[in-house]
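Encoded as structure tokens, the structure appears first; notes follow it.
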Amino acid sequence: HIFGENTMKFYRHRKAAVLLICAFIGIFALTSCRSASAPELTVQAKNSFEKTLRVATDDDYWPYVYHDANGQLTGHDIELITLVANRLNMNLEIYPMTWEESLLAVRNHEADAVLTCEYTGKEVDDGIIPTSPVKSDDFVVFSKNNISSADTLFEKRIGVMKNGNVVKSVTEHGLEDACIYYDSNREAFDALAKDECDCVIVRYIIGLGIIDEMGAAGSGIDGYISLSDSRSCIGVAQGNEKLADEISTVINGLRADGT
């Protein structure tokens, strides 16, 4: 197989697969659907310091960043960055926006950091410094029909979110010519439900949340194979290596002490 046997992990059985998804430094246990009890934000920003950490984020990325029933921004990444700011003795300002706007804000130094970027191991990646990884959630192929091999993807119409982290993955595998680009992951799944594309590639836990949110329209859509392993990190504006190192130190400390 072109992609290697180690990438041919099957995701047909959701409960078992959720246990394979990362974990998130132990801050929360991931749930398999959006309708499950939402995590309560147990850590609050102290905001009593001289320095401020400005963070841009996509605000429609359940379960990592999203608005709860009361309109408050919450999620796993919000909990993490709150812990980070408190341990760095920094106030926290979060700017919710689209993913594209978040990246632009960091590259233009209108924000200090972004939640969250694909971890590539590079010192600088397209104007953004990656911190230590914070979570792992594979890019998985979702479809209404069984997909048993990644080799068949070259013959498919693949829905992906434009400018999302998944674009790098499909490009690395030579699949960009098979892709149809959508403004959001939800739009890609809606197209899949209408047979306007054959499959969608997205992080596994994100895909499960969208399917659950779709209700009857998502019936029959499931995750089949992993296209690639994927780790995420906090992205820091280029030129601010000191902040990136400080955030990485906190992340590694949280992982070590099991927070």
Side-chain angles (χ1 to χ4, degrees), residues 18 21-32 34 36-47 52-68 70-88 90-103 105-106 111-120 125 128-139 161 163-166 184-186 202-210 230-237 243-244 246-255 258-259:
V18 168
I21 299 176
C22 112
F24 185 79
I25 327 181
I27 294 176
F28 286 115
L30 291 180
T31 55
S32 63
R34 186 183 290 260
S37 298
E40 295 181 2
L41 199 60
T42 59
V43 178
Q44 300 297 325
K46 295 180 180 178
N47 286 347
T52 297
L53 180 62
R54 304 168 303 162
V55 179
T57 182
D58 182 345
D59 62 349
D60 186 18
Y61 202 51
W62 182 93
Y64 303 120
V65 183
Y66 64 99
H67 293 276
D68 64 18
N70 297 318
Q72 298 298 310
L73 204 62
T74 188
H76 304 82
D77 287 359
I78 299 300
E79 182 100 346
L80 172 64
I81 199 63
T82 303
L83 283 167
V84 168
N86 287 346
R87 293 204 179 190
L88 291 177
M90 298 181 75
N91 303 320
L92 179 61
E93 291 183 0
I94 298 179
Y95 308 146
M97 53 187 75
T98 67
W99 173 241
E100 291 180 276
E101 291 169 341
S102 298
L103 293 176
V106 173
D112 304 306
V114 59
L115 299 175
T116 52
C117 294
E118 183 73 5
Y119 179 79
T120 62
D125 191 2
I128 294 176
I129 306 169
T131 65
S132 294
V134 298
K135 59 179 177 284
S136 176
D137 187 359
D138 287 5
F139 286 117
M161 188 177 82
N163 297 320
N165 290 323
V166 67
S184 68
N185 288 317
R186 175 57 193 263
V202 67
R203 296 189 194 280
Y204 184 65
I205 196 67
I206 302 298
L208 290 186
I210 293 173
S230 174
R231 293 186 292 169
S232 298
C233 63
I234 297 171
V236 177
L243 176 61
E246 290 173 342
I247 292 176
S248 290
T249 298
V250 172
I251 291 169
N252 294 335
L254 291 171
R255 184 180 295 112
T259 299

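Throughout, numbering of the chain's residues begins at 1 and tracks the sequence.
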Looking at every heavy atom in both [X] and [Y], which two are closest together, and how far apart are they?
X      : Y      : answer
Leu92  : Ala85  : CB-CB, 4.0 Å
Arg186 : Ile210 : CD-CG2, 3.7 Å
Asn185 : Met161 : OD1-CB, 3.4 Å
Ile206 : Pro63  : CD1-CD, 4.0 Å
Met90  : Leu243 : SD-CD1, 4.4 Å
Asp77  : Val65  : CB-CG2, 3.6 Å

message = Regarding Arg203 and Ser232, do their side chains bring together a donor and an acceptor under 3.5 Å, going by distance alone?
response = yes

Look only at the side chain of [X] and the backbone of [Y], and say whether a donor-acceptor pair between them is shorter than 3.5 Å.
X      : Y      : result
Asp112 : Arg54  : yes
Asn70  : Gln72  : no
Asp137 : Tyr204 : yes
Ser248 : Ser132 : yes

Sub-4.5 Å side-chain heavy-atom contact between Leu88 and Ile247 = yes

message = Just so I know, are the side chains of Tyr64 and Asp58 near enough to count as touching, which here means a heavy-atom distance under 4.5 Å?
response = no

Hey, what do you get for [atom1] ([X]) to [atom2] ([Y]), rounding to the nearest 0.5 Å?
X      : Y      : atom1 : atom2 : answer
Asp59  : Leu115 : CG    : CG    : 11.5 Å
Tyr66  : Ile78  : OH    : CD1   : 10.5 Å
Lys46  : Arg87  : NZ    : CZ    : 9.5 Å
Ile128 : Leu103 : CD1   : CG    : 5.0 Å
Thr116 : Arg231 : OG1   : CZ    : 13.0 Å
Ile234 : Ile129 : CD1   : CD1   : 13.0 Å

inquiry  = As a quick check of understanding, evaluate side chain to side chain contact (heavy atoms under 4.5 Å, CB included) for Leu73 and His67, giving each step before the final call.
reply    = CA-CA 4 Å; Leu73 204 62; His67 293 276; 3.6 Å; yes

